[in-house]
Amino acid sequence: MSSLYFYNSLTRQKEQFNSLIPGRVGMYVCGPTVSGESHLGHARPFITFDIVYRYLNHLGYQIRYVRNITDAGHFEEEGRDSEDKISKKAVLEKLEPMELVQKYTNLFHWAMREFNNIEPSIEPTATGHIVEQIVMIEKIIADGYAYIANGSVYFDVDKYHKNFGAKGMPYGILSGRVLEEQLESTRELESQEEKRNKSDFALWKNAAPEHIMRWQSPWGLGFPGWHIECSAMSTKYLGEEFDIHGGGMDLQFPHHECEIAQSTVCNHRIPARFWLHNNMITINGRKMGKSYNNVIKLSELFSGSHELLTQAYTPMTVRFFILQTHYRSTLDFGNEALQASEKGLRRIWDALVLLNKFDLNIGGNGVAGDPDLDNHCNRLLIALDDDMNDDLNTAKVLAGLFEMVPTINSIKDGHTSTDALSKDTLALMKLKFNTYLVDIFGLKDERGQSDEKLSSVLKLISEIRNDARAKKDFATSDKIRNQLLDAGIQLKDDKDGGVSWEVI
RNA sequence: GGUCGGGUGGCCGAGUGGCUAGGCAAAGCUCUGCAAAAGCUUCUACAGCGGUUCGAAUCCGCUCCCGACCUCCA
């Protein structure tokens with residue numbers, strides 16, 4: 001079997017993944033800022049890294065998965081409005097800041113459960129780690145890479161770049177940005193007079209009296225800068241160097257770049273070895289974002305209550321939609337595309353259910369009745385792991401699984417002999433379908449067919465309908481079928497005279 | 001303006017030198033009392049122009065178009 005490769009943003013190439021400590025993985029993923037309701041864009045990184053988590057888990061690693069909650073709010077760094085984002089909105093809504101943060105945290109957790117994402121091992125909050133952040137800032141100041149100005153503390157990017165650049169860790173190592181070019185930009189912004197250089201960023205920000213969220217610090221009342229929380233919390237829970245740091249591509253610069261600079265000053269090494277970045281979801285080719293006014297909230301997505309939506313989409317449809325694209329490609333949202341995912345998911349899930357009902361003994365005992373088909377399936381089955389190992393090509397894995405669906409359906413319908421595949425092939429197919437769809441991709445049945453009372457009722461109704469059909473009383477049989485369909489239950493007459501049904 | 005990425009059939013999307021992914025949609029056929037589901041078949045695309053090569057969607061060059069980041073952002 002092939003080994004796992006990740007595309008590492010830090011080195012800009014695919015690299016074989018090995019953990020620092022055999023069998024254990026430390027993974028940090030930038031979590032949400034809970035100043036508003038989660039939207040479709042948030043779904044992508046958290047589903048993507050849920051897959052990373054699940055896959056590493058499948059490979060046998062023990063993982064500490066840390067995903068923060070940013071509840072202290074990022075200030076408007078460029079000084080257009082120096083007020084904390086969260087406290088500003090809190091004033092508008094006349095709520096306590098922590099009340100607001102709690103509300104959106106709860107909504108975020110709800111959405112994560114809907115998506116069937118596994119909970120992180122630790123979900124630290126920024127407000128719960130003010131002390132750690134202050135300690136880290138003090139260390140950076142002591143080492144001479146930060147300076148104090150009017151109760152705020154700024155990171156000296158230029159000095160860092162000169163000294164650490166000489167050690168092969170320049171500012172820009174992750175994003176590929178050249179500091180010298182940035183210094184040349186002629187942008188004039190207010191409140192920058194405190195900074196020595198415009199590329200410097202805040203570690204601690206002095207808070208005005210009207211600012212509600214603020215903490216005592218050696219530099220006066222204030223609040224932490226945008227990037228320091230992740231450095232402080234990742235170091236605390238994963239150590240000075242850990243395996244994977246993940247997040248959206250939009251965080252690569254400046255957020256992750258600054259994180260690297262801060263942590264590197266404190267710990268003399270780049271904090272994470274593998275930097276994974278998922279690409280954006282776009283709407284009509286444009287990134288979804290507050291500034292574009294094209295945000296679809298997750299609650300709107302699940303209920304269909306957004307003007308861009310022609311219908312509601314279930315969490316699993318959205319999850320499947322995301323899985324059908326490689327995580328580093330942009331994914332363009334559209335009703336047609338979502339509907340395709342909805343139907344595709346149903347098709348592959350139905351195949352899984354069928355496969356799980358197959359008696360493994362129907363397979364040719366050791367010998368395949370149709371060697372060509374058997375070989376074909378085996379090749380597809382083996383390729384699944386290779387595709388997954390190739391930087392998590394979930395799109396290709398799904399394509400491989402889809403290629404086996406006609407075979408599964410043919411066996412069920414009797415178009416293909418039950419012993420066309422060998423027992424081993426059939427067993428492997430069953431294993432892989434379950435492993436990938438359920439364990440690794442985290443898909444689940446949303447249609448609730450396991451209700452035993454409903455099953456027995458439908459069995460009775462189906463028998464009555466079959467009696468009617470036997471008497472050629474099609475008016476009655478069609479009435480039963482149509483009215484059940486109106487009620488959301490679809491009957492399907494099978495080849496063998498049986499009846500199957502599904503909730504739609 | 002700087003940096004980076006991309007343009008694949010009606011739609012969404014894999015693929016990175018030869019072996020024409022996959023899903024959805026559409027059409028035909030089979031099955032069926034009729035449906036639905038399913039199976040089989042069809043639709044064979046790689047922005048444009050040059051170049052390298054026996055051979056290019058895939059490599060190189062140029063042109064056009066789009067997006068992301070540089071500012072809160074998943």
Side-chain angles (χ1 to χ4, degrees), chain A residues 12 29-33 35-36 38-49 73-81 85 172 175-178 181-182 184-187 189 199 226 246-255 277-282 285-292 295 320-321 324-326 328-348 350-351 354 383 387 393-403 405-410 412-416 469 472-474 477-478 481-482 485 490-495 500 502 504:
Chain A
R12 294 171 191 79
V29 175
C30 288
T33 301
S35 60
S38 301
H39 56 77
L40 174 57
H42 291 105
R44 193 154 194 203
F46 303 131
I47 288 173
T48 297
F49 289 102
H74 302 145
F75 53 87
E76 300 286 343
E77 196 189 15
E78 295 300 339
R80 284 195 307 272
D81 182 349
K85 192 160 88 184
S175 59
R177 248 158 253 277
V178 180
E181 284 172 358
Q182 294 203 60
E184 282 167 19
S185 91
T186 55
R187 221 160 149 168
L189 298 150
S199 55
W226 175 28
M249 259 179 200
D250 50 345
L251 295 180
Q252 196 169 343
F253 189 90
H255 185 56
H277 291 100
N278 63 275
N279 216 316
M280 305 289 103
I281 289 180
T282 57
R286 274 212 114 83
K287 189 181 89 165
M288 188 175 303
K290 285 164 193 157
S291 42
Y292 292 119
V295 174
F320 191 76
F321 174 64
Q324 276 188 298
T325 307
H326 185 92
R328 282 191 297 107
S329 299
T330 54
L331 170 56
D332 201 39
F333 166 89
N335 282 290
E336 246 186 301
L338 261 299
Q339 281 158 13
S341 292
E342 185 179 81
K343 292 189 176 171
L345 172 60
R346 170 171 297 200
R347 178 170 160 83
I348 206 160
D350 285 348
L354 269 180
D387 292 333
N393 199 333
T394 57
K396 222 173 166 187
V397 171
L398 282 174
L401 292 173
F402 267 116
E403 281 206 70
V405 169
T407 302
I408 295 167
N409 285 327
S410 288
K412 186 250 178 185
D413 280 349
H415 294 139
T416 296
R469 290 175 69 204
K472 305 246 184 246
D473 178 7
F474 297 123
S477 69
D478 287 353
R481 190 175 64 198
N482 292 336
L485 189 62
Q490 185 174 64
L491 293 186
K492 290 184 247 184
D493 297 332
D494 293 340
K495 292 277 183 295
S500 62
E502 67 179 331
I504 54 173

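Naming: A, B, ... by sequence-line order, numbering from 1 per chain. Just so it is clear, the values below take in all heavy atoms, side chains as well, and ignore hydrogens, waters and symmetry mates. Quick caveat: nothing in here was measured; it's all calculated off a predicted structure.
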- line: From the candidates B/A21, B/G39, B/C12, the one with an atom nearest any side-chain atom of A/His415 is B/G39

Base, sugar-phosphate, or nothing for [X], non-hydrogen atoms under 4.0 angstrom?
X: A/Met288; answer: base
X: A/Asp387; answer: nothing
X: A/Leu491; answer: base
X: A/Asp478; answer: base

Under 4.0 Å between a side-chain N/O of [X] and OP1 or OP2 of [N], yes or no?
X: A/Ser477; N: B/G33; value: no
X: A/Lys343; N: B/G23; value: no
X: A/Arg481; N: B/G33; value: no

message: For A/His42 and A/Phe46, take the angle between the two ring planes, folded into 0 to 90°, and tell me which bin it lands in: parallel under 30, tilted 30 to 60, perpendicular over 60.
response: parallel

Side-chain-base donor-acceptor pair under 3.5 Å for A/Asp493 and B/A36: no

- request: Taking only heavy atoms on the protein side, list every residue of residues 40-48 of chain A lying under 4.0 Å from any atom of RNA chain B, sorted numerically.
  value: A/Gly41, A/His42, A/Pro45

- prompt: What base-paired stems does RNA chain B take part in, with at least 3 consecutive Watson-Crick or G-U wobble pairs and both distances under 3.5 Å?
  reply: B:1-7 with B:64-70, B:10-12 with B:22-24, B:26-30 with B:38-42, B:47-51 with B:59-63

task: Tell me, please, which residues at least two apart from A/Arg44 pass salt bridge (charged side-chain N to carboxylate O under 4.0 Å, His left out).
output: none

